[in-house]
Amino acid sequence: MEDLKKMYDAILNGNFKAAREITQQALAAGVDPQVLVQEQMIPAMDEVGRRYEANEYFVPELLISARAMKASLEFIRPLLTARGAEPAGRVVIGTVKGDLHDIGKNLVAAMLEGAGFEVIDLGVDVSPEKFITALNERHAGLIAMSALLTTTMNSMKTTVEALKAAGVRNKVKIMIGGAPVTQKYADEIGADGYSNNANAAVALARKLVAA
Ligand code: B12
């Protein structure tokens, strides 16, 4: 298929039906899925993130672009996995114990996936033990924790401590976020990074994985 730029536009405009159709057509026409991801989809999500930071896009636009990205990745992911393509990094993400808010966490997960990370999403109400088990089983290099309640933030600290107690703290980078979380809190609990939005979370993840 000659006009792959349509894929870029579908994601930028949050048109998930078009994203799905174009993906199917492109793959049927023999387009390399890696090319589709690297040259169209990731740049489109990067542009979504840029517009969000520039206050040109807001949370609803982020959500619909993320949905379009996901719709396309459903077809592409199995092909990349079968081929053994190396992800940008492997991230275990979850909303911490006691907390059921997942809109921000899902956005961060989708943006990371859009940026080429393999994302293992543990969902909500994730205990420190569950984070550690997933980290060990999936050999992730990064843990991303989200909390929206001042009462559940403390579970981030508990998880960092549990990672230390399990002897795996030095094997993983930790990033945290969510409305009540701050850089100061990240420093206090010994996390490696904090960001206050999904786009900055991608830049942070890239930086932590490269470090
Ligand atoms: C939607 C919502 C709900 C929904 C959640 C639905 C869902 N599936 O998520 C429902 C109705 C279930 C809910 C329940 C409750 N909620 Co509520 N909820 C909200 C609300 C309105 C929006 C949150 C949201 O989705 N924001 C949009 C997302 C995109 O933003 P975000 O989460 O901050 O994420 C961004 C960044 O923070 C960052 N980020 C997020 N996670 C991560 C992770 C990493 C690693 C990184 C790097 C970055 C990052 O990137 C994201 C994208 O840019 C907020 C109010 C508000 N305006 O924040 C209250 C709010 C969070 N809720 C609140 C409360 C009190 C509750 C309840 C206790 C209410 C009750 N009495 O039952 C329950 C708790 C349930 C539980 N155990 O978790 C309070 C919390 C107060 C506090 N200081 O603790 C708030 C602030 C409302 C208020 N003003 O009182 N809630």
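The figures here come from the full heavy-atom set of this structure, side chains too, leaving out hydrogens, waters and symmetry mates. Numbers here are sequence positions counted from 1.
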**Q** Are Ile120 and Glu137 packed together at the side-chain level, in the sense that at least one heavy-atom pair is separated by less than 4.5 angstrom?
**A** no
**Q** Side-chain contact test, heavy atoms from C-beta onward, threshold under 4.5 Å: evaluate it for Met69 versus Met41 and give yes or no.
**A** yes
**Q** Is a salt bridge present between Glu161 and Arg169, judged by a nitrogen-to-oxygen distance below 4.0 Å?
**A** no
**Q** Between Asp102 and Lys105 (side chain of the first, backbone of the second, donor and acceptor by atom type, cut-off under 3.5 Å), is there such a pair?
**A** no
**Q** Check whether Asp121 reaches the backbone of Gly123 with its side chain - one donor and one acceptor, N or O, closer than 3.5 Å.
**A** yes
**Q** Shortest non-hydrogen contact from Met153 to Pro180?
**A** SD-CB, 3.6 Å
**Q** Given 3.5 Å as the limit, does a donor-acceptor pair link the side chain of Ser155 with the main chain of Thr152, or not?
**A** no
**Q** Evaluate the side chain to side chain contact (heavy atoms under 4.5 Å, CB included) criterion for residues Arg51 and Glu61: first the C-alpha distance (whole Å), next the side-chain angles of each, then the deciding distance (0.1 Å), finally the verdict.
**A** CA-CA 10 Å; Arg51 291 188 184 189; Glu61 283 89 356; over 6 Å; no
**Q** At what distance, to the nearest 0.5 angstrom, does NE2 of His139 lie from CG of Leu135?
**A** 9.5 Å
**Q** Are Lys17 and Glu21 close enough for a salt bridge, meaning some N to O gap below 4.0 Å?
**A** no
**Q** How close do Pro43 and Gln38 get, heavy atom to heavy atom, and via which atoms?
**A** CD-O, 3.1 Å
**Q** Looking only at non-hydrogen atoms, find the nearest pair between Tyr57 and Val48 and report the distance.
**A** CD2-CG1, 4.0 Å
**Q** Test your reading of the model: is there a side-chain donor-acceptor pair from Asp99 to the backbone of Leu148, 3.5 Å cut-off?
**A** yes
**Q** Please answer whether the main-chain N or O of Val124 pairs with a side-chain N or O of Thr95 as donor and acceptor at a distance below 3.5 Å.
**A** no
**Q** Looking at Glu53 and Arg50, is any side-chain nitrogen of the basic one under 4.0 Å from a carboxylate oxygen of the acidic one?
**A** no
**Q** If you define the side chain from C-beta out and look only at heavy atoms, does anything of Met175 sit under 4.5 Å from Leu142?
**A** yes
**Q** Strictly distance-based, threshold 3.5 Å: is any side-chain N or O of Ser65 a donor or acceptor partner for the main-chain N or O of Ile11?
**A** yes
**Q** Please give me the minimum heavy-atom distance between Ile22 and Met7, naming the atom from each residue.
**A** CG2-SD, 3.8 Å
**Q** Determine whether a donor-acceptor pair (N or O, by modelled atom type, separation under 3.5 Å) exists between the side chain of Arg90 and the backbone of Arg138.
**A** yes
**Q** Taking all heavy atoms of Ile143 and all of Phe131, pick out the closest pair and write down the distance.
**A** CG2-CD2, 3.9 Å
**Q** Using every non-hydrogen atom in the two residues, find where Tyr194 and Ala186 come nearest and quote the distance to one decimal.
**A** CB-CB, 3.8 Å
**Q** When you check the gap from the basic side-chain N to the acidic O, do Glu74 and Lys70 get nearer than 4.0 Å?
**A** no
**Q** Looking at Lys97, is its backbone amide N or carbonyl O close enough to the side chain of Asp125 to form a donor-acceptor pair, meaning the two atoms are under 3.5 Å apart?
**A** no
**Q** Is a side-chain N or O of Thr158 found less than 3.5 angstrom from the main chain of Asn154, in a donor-acceptor match?
**A** yes
